[in-house]
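Contents: one structure, followed by commentary.
Read the numbers this way: they start at 1 and go in the same order the structure lists the ligands and their atoms.
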Amino acid sequence: MTNEQLADLIFPNITKTIEDYEKIYPKRDLKEGAIVTRYAPSPTGFVHIGALLASFTGSIFAKQTNGVFYLRIEDTDTKRTVENGISKIIDGLNEFGVTFDEGPINETETIGNYGPYIQSERKEIYQAFVKHLIKQGKAYPCFCSQEEINNIRKEQELNKARIGYYGNYAKCRNLSNDEVARRIKNNEPYIIRLRSNGDYNKKIICHDEIRGDIVFPENDLDIVINKADGLPTYHFAHLVDDYLMRTTHIIRSDEWISSLPLHYQLFQMFGFKVPKYAHIAPLAKIDEQTNGMRKLSKRKDPECAMSFYHELGIPYEAVRIYLATITSSGFEEWYLQNPCNKIEDYKFQFKKIGKSPALFDVEKLKNISRNYISRLKANDLYENISLYLKQYDKEFYEIFTKNKDYSTNILNIEREQKKPRKDIGCYKDVKNEIWYMYDELFIDLNYKWQKINDISEIKLILKNYIDNYYNESDDKDTWFNKMKQLTNNLGYCSDMKEYKLNPTKYKGSIADISMVLRVALTTKDMTPDLYEIMKILGKNKIIERFNKI
Ligand code: GLU
């Protein structure tokens with residue numbers, strides 16, 4: 001029996017050839033240098049920070065080169081599929097600004113001309129490629145049972161040989177076509193393996209865009225390419241899909257680096273141009289117990305799940321800025337100089353992406369978030385906070401949104417200026433920073449009096465101020481001058497230099513007087529600008545608050 005006949009026996013219904021598929025999925029009409037890349041998750045529905053990093057990186061490179069970024073669902077391992085997994089991935093990434101030009105857009109619809117983008121719907125396409133290999137004698141059916149495979153392994157362990165299905169250990173490699181046909185007709189179960197043409201004692205140089213050239217032994221394993229369920233393994237699907245979808249760059253996590261010699265081999269065995277590869281290092285953290293670096297773990301580390309950022313209320317753009325900061329050298333300096341630019345304005349380069357695991361530090365992320373939030377306009381910030389509170393703090397949401405102008409004014413204190421205020425690191429912080437502005441929450445008070453803490457003196461200062469000095473329509477200079485007059489009239493010193501030289505001549509300074517007002521109005525000893533706070537509270541509220549003391 002010829003190879004051709006064997007191929008027809010195994011795949012009688014596969015009539016299309018590789019050439020047919022090449023016509024259906026022609027070379028993309030894109031400019032020189034355009035990057036076509038993809039994000040290729042299993043439909044587990046779980047978007048984690050590593051997934052965001054990989055997809056964010058891919059989308060940036062595609063966008064910057066006017067290329068294509070597409071989503072491919074790798075569901076050949078049916079055990080990993082969950083209900084609505086595809087939409088969960090799409091929505092989860094979308095929330096963090098990652099969108100696709102092609103691929104599924106929900107559980108049932110797809111856009112793009114290079115589909116299907118769901119691997120389980122591509123069975124026939126893979127089989128056409130497998131059939132092609134069988135015709136050429138470059139693949140063969142393997143009938144080994146799990147038990148036989150285990151025995152091969154035991155033998156290899158005993159001989160201290162490399163583990164795997166290769167060379168003389170590859171039992172089914174040399175079965176005659178007639179023998180194979182007989183066993184297939186006999187309904188013996190089988191899978192299809194690659195007939196590897198690699199020699200483990202020879203070297204192959206593979207290129208990674210981030211790491212440069214890497215030398216490996218050639219692959220001599222006769223890996224499985226088609227499983228018993230008729231679906232391909234990851235390696236074979238990678239070859240077929242990335243070839244037909246005309247991917248130029250495979251951007252994926254570095255757990256796949258060791259598969260490079262095999263992937264080079266697969267493309268070369270078909271005579272296809274090998275795509276470019278860029279392997280992304282994982283995110284890492286300092287382990288609290290050992291103090292050493294370790295990979296972020298989906299199981300152990302809450303910061304792996306995107307829900308972590310939602311619950312804290314860290315703006316998605318801040319997460320993206322942080323990822324760019326820790327993975328791309330040069331980005332942080334650029335961003336400090338161009339804080340108003342978009343991330344996409346930075347020219348990302350593969351060779352500037354880190355080769356080793358990037359340390360992921362939630363505190364640093366919050367700092368980036370703090371800076372980012374400080375640059376938002378009060379109106380936009382109001383909307384973001386409202387959305388956050390609606391989901392996570394209904395009670396404060398009602399209070400915060402009762403009077404939009406009032407809340408926006410609070411957020412606007414020391415904002416939209418050269419050195420804006422940076423008290424909000426994430427939306428979860430907001431209540432803690434501004435609660436005292438709301439009468440509903442101005443209860444059960446714990447005043448943080450400082451130097452002046454005698455209640456009768458405090459009352460005297462407050463009464464004097466409101467009766468003789470406070471005027472709602474005063475501008476800031478007038479307001480401050482009146483504070484000085486109050487200070488002097490009560491025997492305190494309004495000139496800080498003078499006070500430092502002769503502290504004993506006075507009861508205290510203007511700083512002590514304004515602290516009394518600050519604490520009386522907010523209970524806190526540190527707040528944003530007091531003049532602005534008083535303006536927003538208005539005279540009635542000020543009197544009400546003074547009267548509480
Ligand atoms: N489905 C593979 C994974 O989740 C994709 C790897 C790749 O991007 O090629 O690891």
Side-chain angles (χ1 to χ4, degrees), residues 35-62 67-82 85-86 88-90 92-93 98 100-104 114-123 126 129 206-211 219 223-225 227 231-267 272 274-283 295-299 304-306 327 350 353 357:
I35 289 182
V36 179
T37 189
R38 77 293 190 280
Y39 176 55
S42 308
T44 57
F46 183 54
V47 175
H48 52 87
I49 190 82
L52 180 65
L53 174 62
S55 55
F56 162 74
T57 310
S59 74
I60 288 266
F61 279 107
V68 177
F69 184 53
Y70 68 87
L71 173 66
R72 183 168 74 224
I73 299 297
E74 307 218 321
D75 59 348
T76 55
D77 180 357
T78 39
K79 289 194 288 296
R80 302 189 66 199
T81 301
V82 303
I86 300 178
K88 280 185 189 152
I89 290 173
I90 295 171
L93 291 175
V98 174
F100 299 96
D101 302 313
E102 293 175 13
Y114 287 79
Y117 295 89
I118 300 179
Q119 287 184 331
S120 57
E121 296 170 12
R122 300 173 62 78
K123 204 170 185 170
Y126 302 122
F129 279 65
C206 301
H207 186 76
D208 178 90
E209 297 298 303
I210 297 172
R211 292 150 211 264
N219 170 63
I223 60 135
V224 179
I225 55 177
K227 300 183 292 175
L231 285 168
T233 51
Y234 164 72
H235 306 294
F236 200 73
H238 155 50
L239 161 88
V240 175
D241 293 348
D242 285 313
Y243 175 62
L244 289 182
M245 294 178 185
R246 307 293 179 176
T247 311
T248 61
H249 288 65
I250 314 295
I251 301 172
R252 62 185 178 189
S253 84
D254 69 357
E255 68 189 285
W256 297 110
I257 285 193
S258 57
S259 304
L260 267 180
L262 166 63
H263 295 170
Y264 264 61
Q265 179 187 29
L266 286 172
F267 276 87
F272 300 154
V274 178
K276 294 203 158 62
Y277 289 91
H279 289 92
I280 306 205
L283 296 170
K295 257 171 84 166
L296 270 190
S297 139
K298 282 179 235 172
R299 211 163 28 84
C304 242
M306 300 324 288
T327 60
F350 285 111
I353 293 183

Report yes or no: does Thr248 contribute a side-chain atom to a donor-acceptor pair with the main-chain N or O of Val36 at less than 3.5 Å?
-> yes
Between Ala40 and ligand 1, is there a nitrogen or oxygen pair with a distance under 3.5 Å?
-> yes
Closest non-hydrogen atom pair, Ile210 against Ile353 = CG2-O, 3.3 Å
Under 4.0 Å between a Lys/Arg side-chain N and an Asp/Glu carboxylate O for Arg211 and Asp254?
-> yes
Check whether any side-chain heavy atom of Phe46 sits under 4.5 Å from a side-chain heavy atom of Lys298, and report yes or no.
-> yes
Can you sort out which atoms of ligand 1 are near Glu74, meaning under 4.0 Å from one of its heavy atoms?
-> 1 (N), 2 (C), 5 (C)
Just by distance, do the side chain of Thr76 and the backbone of Leu231 share a donor-acceptor pair under 3.5 Å?
-> no
Ligand 1 versus Tyr39, non-hydrogen atoms closer than 4.0 Å: side chain, backbone, both, neither?
-> neither
Any N or O of Glu255 that comes nearer than 3.5 Å to an N or O of ligand 1?
-> no
Can Ser59 and Tyr39 be said to form a side-chain hydrogen bond (donor to acceptor under 3.5 Å, both in side chains), step by step?
-> CA-CA 9 Å; Ser59 74; Tyr39 176 55; over 6 Å; no
Numbered in order shown, the ligand 1 atoms found under 4.0 Å of a heavy atom of Arg252 are 7 (C), 8 (O), 9 (O)
Give the atoms of ligand 1, by number and element, whose distance to some non-hydrogen atom of Arg38 is under 4.0 Å.
-> 7 (C), 8 (O), 9 (O)
Backbone or side-chain N or O of Tyr234 under 3.5 Å from ligand 1 N or O = yes
